[in-house]
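By convention in this document, chain letters (A, B, ...) are assigned in the order of the sequence lines, proteins followed by strands, and residues within each chain are numbered from 1.
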Amino acid sequence: MALSTQPYKGARDFYPEDKRLQKYMFNTMRKVVERFGYEEYDAPILESLELYAAKSGEEIVNEQTYTFTDRGDRKVAIRPEMTPTVSRMVAAKRQELPYPLRWYSIPNLWRYERPQRGRLREHWQLNVDVFGLKGLEAEHELILVADAILQEFKAPRSTYEIKLNSRQLMDDIFKDYLKVDKQQAHDLAKLIDRMHKTDAKVFKETIQEITKSQPVYDSLIDLLHAKQVRDLPAELQKHDSLKELEKLHKLLQASGLTNTVFDITLMRGFDYYTDIVFEVFDTHPDNNRSMFGGGRYDGLVALFGVEPVPTVGFGMGDVTLQNFLETHKLLPEIASETDLYVVLVGDVYEQAQPALKELRAKGLNLAVDSTGRKTDKQIKAADKKGLQKVVFIGEQELADQKFTLKDLKTGQTESLTLEQLVNHL
RNA sequence: GCGGGUGUAGCUCAUCUGGUUAGAGCGCCGGGUUGUGGUUCCGGAGGUAGUGGGUUCGAUCCCCAUCACUCGCCCCA
């Protein structure tokens, strides 16, 4: 039985052309978040299982986390998300860190689930967090960062929509406005979260079943029709979170983000969110899904026994981002890291070394064809690698110290000294 | 974890209700004479039909199992 060449289920091999694309995406993200003053951190892929048990939500720990017991009998998890880790890191140095803290990371994360479009078992996720800002300047900044990343990828604002809501608002609506109990609130939240995917009739019937009260049902249906903050009942207009949402919306509009909307059905899966949450949606019908999201989670750092630190963060997955860029045809051709393919003509491997050394010293990335095969084969190899520039080095060139540079795209050749060659590229 | 679909050459797919040596396009390799690719021409390699069972005189085709991929659900990025 031959060994399988397939990568592990739900995980990807990155061949050089795939890796080039990944590097392009990550470098673009890095460039943008660093422009906003965020600094990169990292951490181990393994964490103690307890880290996730506390606050991530039931499902992700019980069913979606890769776990094992190590030789020292410790329960270990492969990180399914980065937020608990970064909270742990901040808590560990709570007193000595300079706030506001702007941190980012691009970790690979593992979740045990059924792979499908936009969702694999291993993915990379840009995590951007700001620690130590109580005001909604934090939310504003992070949404600007998310938007700036998509702008850097040249995505028109019509291709995505930024949805805003508040977890606090929803909690208070359930508790004080609708006056339903905890279990009902939880069930309703889950249901509302998938309202757009549920059949309208089934949706309403399920609400009936959960609320068991006609007035509550009517009020809730009314709320769900709200398209903007102003549509909500006057009684709720006084709610702090709603005022904040309105302010945030104005701030974003003033920043040129014309594609932000209030969406009362936005819930977000993790239990640790405490107030404003947001998600960026792809508006394309073929890929209508949440690309990334985040929100405020003021309580997480305090779980480590230190004073709380107000925090806002978001995550952006590489798979969903790539789907988005592909769907909107925003992925450019990415050139190889190699600048120049060296065709050796005749038996000149040894004599060519000084010239090769000089070219490398001047910063060119060279791939030398040291096979000794015919020149046409060598050129074909360069072409197949997707390289555009080829230089010929043979007896003649070495004698004259003039080298023939060929552009495989235009077919033109030029005879150049090493100096000129370097300047040319 | 649950439900549906698919699985034939490296890739995309044929093989007409089970019937001789399973085909094509693209790709790949070699050649059109020795220092210039991409076009073109000629030639060639490559498949135990995902895997294992079963039904049948006979299975790529029907049945079962299993694995993989894929779509949806759950959940989420």
Side-chain angles (χ1 to χ4, degrees), chain A residues 1-2 4-12 15 56-65 80-83 106-128 146 189-191 193-194 197-199 202 266-271 273 277 279-282 286-287 289-294 313-324 341-348 369 372-398 403-415:
Chain A
M1 186 69 170
S4 169
T5 56
Q6 284 182 325
Y8 174 73
K9 186 183 176 79
R12 293 159 290 169
Y15 286 84
S56 294
E58 291 294 307
E59 167 119 11
I60 201 164
V61 179
N62 297 340
E63 293 169 32
Q64 297 197 331
T65 303
E81 51 158 339
M82 200 59 172
T83 304
I106 311 180
N108 57 332
L109 309 174
W110 287 82
R111 290 184 194 169
Y112 193 89
E113 54 185 340
R114 189 103 175 231
Q116 55 192 271
R117 180 177 170 82
R119 198 171 56 198
L120 302 173
R121 287 184 173 182
E122 184 191 34
H123 76 118
W124 274 257
Q125 189 188 63
L126 170 69
N127 276 255
V128 187
K190 294 268 171 191
L191 181 67
D193 189 35
R194 47 177 211 272
K197 291 202 263 184
T198 312
D199 177 74
V202 174
L266 176 63
M267 292 294 174
R268 303 226 14 97
F270 292 125
D271 291 342
Y273 290 113
V277 290
E279 266 186 10
V280 179
F281 266 74
D282 189 342
D286 293 350
N287 198 46
R289 64 201 313 132
S290 166
M291 279 193 288
F292 44 94
F314 76 87
M316 173 188 271
D318 70 324
V319 183
T320 42
L321 176 64
Q322 194 175 325
N323 284 154
F324 171 79
Y341 195 77
V342 180
V343 171
L344 295 179
V345 184
D347 188 16
V348 293
D369 195 317
R373 58 192 160 176
K374 290 181 191 169
T375 51
D376 65 322
K377 299 287 177 219
Q378 298 191 42
I379 294 169
K380 270 187 191 169
D383 192 44
K384 194 171 172 181
K385 282 174 186 291
L387 302 179
Q388 201 184 329
K389 307 281 189 180
V390 169
V391 68
F392 296 86
I393 301 184
E395 305 272 351
Q396 193 66 51
E397 285 81 357
L398 288 166
F403 301 86
T404 309
L405 178 70
K406 174 159 184 153
D407 186 311
L408 293 185
K409 225 167 208 165
T410 63
Q412 288 177 338
T413 58
E414 282 180 89
S415 190

Pairwise distance [atom1]([X]) to [atom2]([Y]) - rounded to 0.5 angstrom:
| X | Y | atom1 | atom2 | value |
| --- | --- | --- | --- | --- |
| Thr375(A) | Leu344(A) | OG1 | CG | 11.0 Å |
| Glu81(A) | Asn127(A) | CD | CG | 8.5 Å |
| Lys384(A) | Lys377(A) | NZ | NZ | 11.5 Å |
| Glu122(A) | Tyr8(A) | CD | OH | 10.5 Å |
| Ile106(A) | Met82(A) | CD1 | CE | 11.0 Å |
| Gln322(A) | His123(A) | CD | NE2 | 13.5 Å |

Choosing from [options], which nucleotide comes nearest the side chain of [X]?
| X | options | result |
| --- | --- | --- |
| Thr375(A) | G35(B), A77(B), G38(B) | G35(B) |
| Lys9(A) | U36(B), A77(B), A68(B) | A68(B) |
| Glu397(A) | A77(B), U36(B), G35(B) | G35(B) |
| Asp383(A) | A77(B), G37(B), G35(B) | G37(B) |

Taking all heavy atoms of [X] and all of [Y], pick out the closest pair and write down the distance.
| X | Y | answer |
| --- | --- | --- |
| Tyr273(A) | Gly293(A) | OH-O, 4.5 Å |
| Phe392(A) | Glu397(A) | O-CG, 3.5 Å |
| Val348(A) | Ile393(A) | CG2-O, 3.5 Å |
| Pro115(A) | Leu120(A) | CB-CD2, 4.3 Å |

Nearest-Å distance once atom [atom1] is located in both [N] and [M]:
| N | M | atom1 | answer |
| --- | --- | --- | --- |
| A14(B) | G72(B) | P | 23 Å |
| U6(B) | U66(B) | C1' | 16 Å |
| U8(B) | U60(B) | P | 14 Å |
| A9(B) | C26(B) | C1' | 12 Å |
| G50(B) | C57(B) | P | 24 Å |
| C74(B) | C28(B) | C1' | 44 Å |
| G58(B) | U20(B) | P | 15 Å |
| A22(B) | C69(B) | C1' | 23 Å |

- Query: Is any N or O donor-acceptor pair between the side chain of Gln64(A) and the base of G1(B) shorter than 3.5 Å?
  - Reply: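 Side chain to base: no pair present.
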
- Task: Can you check whether any acceptor in the base of A77(B) is under 3.5 Å from a donor in the side chain of Glu113(A), or vice versa?
- Result: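 Answer yes: a donor N or O sits under 3.5 Å from an acceptor.
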
How many Å lie between [atom1] on [X] and [atom2] on [N], as a whole number?
| X | N | atom1 | atom2 | value |
| --- | --- | --- | --- | --- |
| Leu344(A) | U36(B) | CG | P | 15 Å |
| Leu408(A) | G38(B) | CG | P | 11 Å |
| Trp110(A) | C76(B) | CH2 | C1' | 17 Å |
| Phe403(A) | G35(B) | CZ | P | 19 Å |
| Leu109(A) | C75(B) | CG | C1' | 16 Å |
| Ile379(A) | U39(B) | CD1 | P | 14 Å |
| Phe281(A) | A77(B) | CZ | P | 11 Å |
| Glu279(A) | A77(B) | CD | P | 7 Å |

- Message: Quick check on RNA chain B: between Pro7(A) and Ser290(A), whose nearest nucleotide comes earlier from the 5' end?
- Response: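 In this pair, the answer is Pro7(A).
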
- Item | Side-chain N or O of Lys409(A) closer than 4.0 Å to phosphate OP1/OP2 of G38(B) |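 No, no such contact exists.
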
Contact class for [X] (heavy atom, under 4.0 Å): base, sugar-phosphate, or nothing?
| X | answer |
| --- | --- |
| Met291(A) | sugar-phosphate |
| Gly346(A) | nothing |
| Phe292(A) | sugar-phosphate |

Tabulated below should be each protein N or O lying under 3.5 Å from an N or O of nucleotides 26-33 of chain B; please produce it.
residue	atom	partner	partner atom	Å
G31(B)	OP2	Lys377(A)	NZ	3.4

Please list, for nucleotides 70-73 of chain B, all pairs of protein and nucleotide N/O atoms separated by less than 3.5 Å.
residue	atom	partner	partner atom	Å
U70(B)	O4	Arg114(A)	NH2	3.3
C71(B)	OP2	Arg117(A)	N	3.0
C73(B)	N4	Gln116(A)	NE2	3.4

- Evaluate salt bridge (Lys or Arg N to Asp or Glu O under 4.0 Å) for Asp369(A) paired with Lys385(A), printing each intermediate quantity in order. CA-CA 12 Å; Asp369(A) 195 317; Lys385(A) 282 174 186 291; over 6 Å; no

- Message: A quick test of your reading: do over 12 heavy atoms of other residues, nucleotides or ligands sit less than 6.0 Å from CD of Gln116(A)?
- Response: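 Result for CD/Gln116(A): enclosed.
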
- Message: Quick one, Lys406(A) and Val391(A) - any side-chain contact, counting heavy atoms below 4.5 Å?
- Response: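 Lys406(A) does not reach Val391(A) side chain to side chain.
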
- 4.5 Å side-chain heavy-atom contact, Val319(A) and Trp124(A):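 Result no, sub-4.5 Å side-chain heavy-atom pair not found.
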
- Message: Give the dot-bracket line for RNA chain B from 5' end to 3' end: parentheses for intra-strand Watson-Crick or G-U pairs under 3.5 Å, square brackets for crossings, | for inter-strand pairing, dots for unpaired.
- Response: (((((((..((((.....[...)))).((((.........)))).....(((((..]....))))))))))))....

